[in-house]
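Let me begin by presenting the structure, written as structure tokens, before commenting on it.
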Amino acid sequence: MNLKLVDECEKNKIKQIFELKETILEYLAGKNINLFETIKELGIDLHLNDKFPSKFSQKVYSSLLSVKYGELTNYSEIGEKIGSKANRAIGNILRGNPLPLIIPCHRVIKKNGEIGGFMGISEKSWQQTLKKKLIEIEHST
DNA sequence: CTACGCTCAGATA
DNA sequence: TATCTGAGCGTAG
């Protein structure tokens, strides 16, 4: 193993992370940024196939990635796109979202306009407040 | 096989 | 409006 090569590799990773951090900060400041695309451009491998092993979960997240900045959708709408009525099952996939913000599950609310859950919690919670906040940020520009 | 859930539409008061 | 069904179905154990 060439130590110098490993070192270069680590340096590169660190650089990527710092660039990502800057991008996320800009996003949180209200700039219209597609975080997922940015990450691809930075060359960061998200290992999505490992994180979403089943066919169903892959459909859910790929459908979610087509929801653009500032848009809102709901669980049953995603179900229609992927040809399933399993709204709760979709929620179950989203609750295990390993990449919040990047995979924009905060853009998915309930059909009746309620906020829905976030990060695995559906009751009145700081998670829901955060979800609302993220939606507000995207609609403020 | 069972139990559970970031849901939904319908019923009831 | 608020609260309670049952249906629906992929996933984890």
Side-chain angles (χ1 to χ4, degrees), chain A residues 1-3 5-141:
Chain A
M1 200 48 128
N2 188 321
L3 282 179
L5 268 180
V6 172
D7 197 37
E8 280 306 307
C9 185
E10 289 305 309
K11 264 191 204 167
N12 199 37
K13 273 187 187 168
I14 291 168
K15 193 178 155 212
Q16 284 176 331
I17 296 296
F18 270 88
E19 284 172 334
L20 178 56
K21 176 194 161 193
E22 290 307 315
T23 310
I24 290 175
L25 287 178
E26 284 180 64
Y27 166 79
L28 291 176
K31 194 170 171 188
N32 183 337
I33 289 175
N34 184 327
L35 286 177
F36 186 76
E37 285 302 320
T38 307
I39 281 175
K40 268 209 293 193
E41 285 162 18
L42 285 177
I44 295 174
D45 186 1
L46 295 175
H47 303 284
L48 286 181
N49 287 331
D50 296 336
K51 294 186 168 70
F52 297 96
S54 74
K55 195 82 189 171
F56 182 75
S57 57
Q58 283 175 19
K59 278 187 186 172
V60 171
Y61 89 74
S62 60
S63 160
L64 198 51
L65 289 175
S66 67
V67 182
K68 299 192 204 92
Y69 185 99
E71 286 182 350
L72 285 180
T73 184
N74 53 253
Y75 299 97
S76 63
E77 200 174 323
I78 291 183
E80 284 171 27
K81 276 191 195 168
I82 66 176
S84 167
K85 292 171 195 164
N87 308 309
R88 297 188 75 176
I90 291 169
N92 285 338
I93 299 296
L94 265 40
R95 80 191 299 241
N97 180 6
L99 304 161
L101 293 190
I102 295 156
I103 294 176
C105 55
H106 59 280
R107 295 178 192 148
V108 188
I109 63 174
K110 291 219 222 174
K111 200 170 192 183
N112 62 8
E114 286 172 21
I115 190 70
F118 191 50
M119 295 163 72
I121 313 248
S122 59
E123 303 140 33
K124 204 170 172 59
S125 63
W126 64 266
Q127 283 92 340
Q128 283 191 326
T129 308
L130 176 57
K131 185 175 180 180
K132 281 183 206 158
K133 199 74 196 170
L134 290 171
I135 293 172
E136 279 172 28
I137 287 173
E138 295 196 4
H139 284 252
S140 64
T141 43

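Keep in mind that what you see is a predicted model, and the values were worked out from it rather than measured. Every chain is numbered from 1, with letters handed out A, B, ... down the list of sequences.
- Taking NE2 from A/H139 and CG from A/L134, the interatomic distance works out to 11.0 Å, rounded to the nearest 0.5 Å.
- Evaluation of the side chain to side chain contact (heavy atoms under 4.5 Å, CB included) rule for A/L46 yields A/F36, A/I39, A/I44, A/L48, A/L99, A/I102 as partners, not counting sequence neighbours.
- For A/E41, the salt bridge (Lys or Arg N to Asp or Glu O under 4.0 Å) test picks out no residue, with sequence neighbours left out.
- The distance from atom CD of A/Q58 to atom C1' of C/dG10 is 14 Å, rounded to the nearest whole Å.
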List, with names and distances, any nitrogen or oxygen atoms from the protein found under 3.5 Å away from nitrogen or oxygen atoms belonging to nucleotides 8-11 of chain B.
{"unit_1": "B/dC8", "atom_1": "OP1", "unit_2": "A/K111", "atom_2": "N", "d": "3.3"}
{"unit_1": "B/dC8", "atom_1": "OP2", "unit_2": "A/K111", "atom_2": "N", "d": "3.0"}
{"unit_1": "B/dA9", "atom_1": "OP1", "unit_2": "A/K111", "atom_2": "NZ", "d": "2.9"}

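- Rounding to whole angstrom units, CD of residue A/Q128 and C1' of B/dT7 are separated by 14 Å.
- Regarding A/E123, its CD atom lies at a distance of 11 Å from the P atom of B/dT7, rounded to whole Å.
- Counting only residues at least two apart or in different chains, salt bridge (charged side-chain N to carboxylate O under 4.0 Å, His left out) contacts with residues 105-124 of chain A comprise A/R107-A/E138, A/K110-A/E114.
- Following rounding to the nearest Å, A/R88 (CZ) and C/dG6 (P) show an atom-to-atom distance of 13 Å.
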Atom pairs, protein N/O to nucleotides 11-13 of chain C N/O, distance under 3.5 Å:
{"unit_1": "C/dT11", "atom_1": "OP1", "unit_2": "A/S54", "atom_2": "OG", "d": "2.2"}

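- Applying the side chain to side chain donor-acceptor pair (under 3.5 Å) test to pairs two or more places apart or on separate chains, those with a residue in residues 17-26 of chain A are A/E26-A/K31.
- A salt bridge (charged side-chain N to carboxylate O under 4.0 Å, His left out) check over residues 65-82 of chain A, counting only residues at least two apart or in different chains, returns the pairs A/K68-A/E71.
- Where DNA chain B pairs in unbroken runs of 3 or more (Watson-Crick or G-U, both distances under 3.5 Å), the stems are B:1-5 with C:9-13, B:7-13 with C:1-7.
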* Asked: Between A/V108 and A/I90, is a side chain to side chain contact (heavy atoms under 4.5 Å, CB included) present by the stated rule, with each step listed?
  -> CA-CA 10 Å; A/V108 188; A/I90 291 169; 6.0 Å; no
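- Rounded to a whole Å, the CD1 atom of A/I78 is 15 Å from the C1' atom of C/dG10.
- When the C1' atom of C/dG8 is taken as reference, atom CD1 of A/I82 falls 13 Å away, rounded to whole Å.
- When rounded to the nearest whole Å, the span between CZ of A/F52 and P of C/dG10 equals 17 Å.
- For A/N74, the side-chain hydrogen bond (donor to acceptor under 3.5 Å, both in side chains) test picks out A/S76, with sequence neighbours left out.
- Within the structure, side chain to side chain donor-acceptor pair (under 3.5 Å) contacts touching residues 50-65 of chain A (residues at least two apart or in different chains) are A/S54-A/S57.
- Applying the ring-ring contact (aromatic ring centres under 6.0 Å, His included) definition to pairs two or more places apart or across chains, none involves residues 106-138 of chain A.
- In this view, A/T129 satisfies the side chain to side chain contact (heavy atoms under 4.5 Å, CB included) rule with no residue, not counting sequence neighbours.
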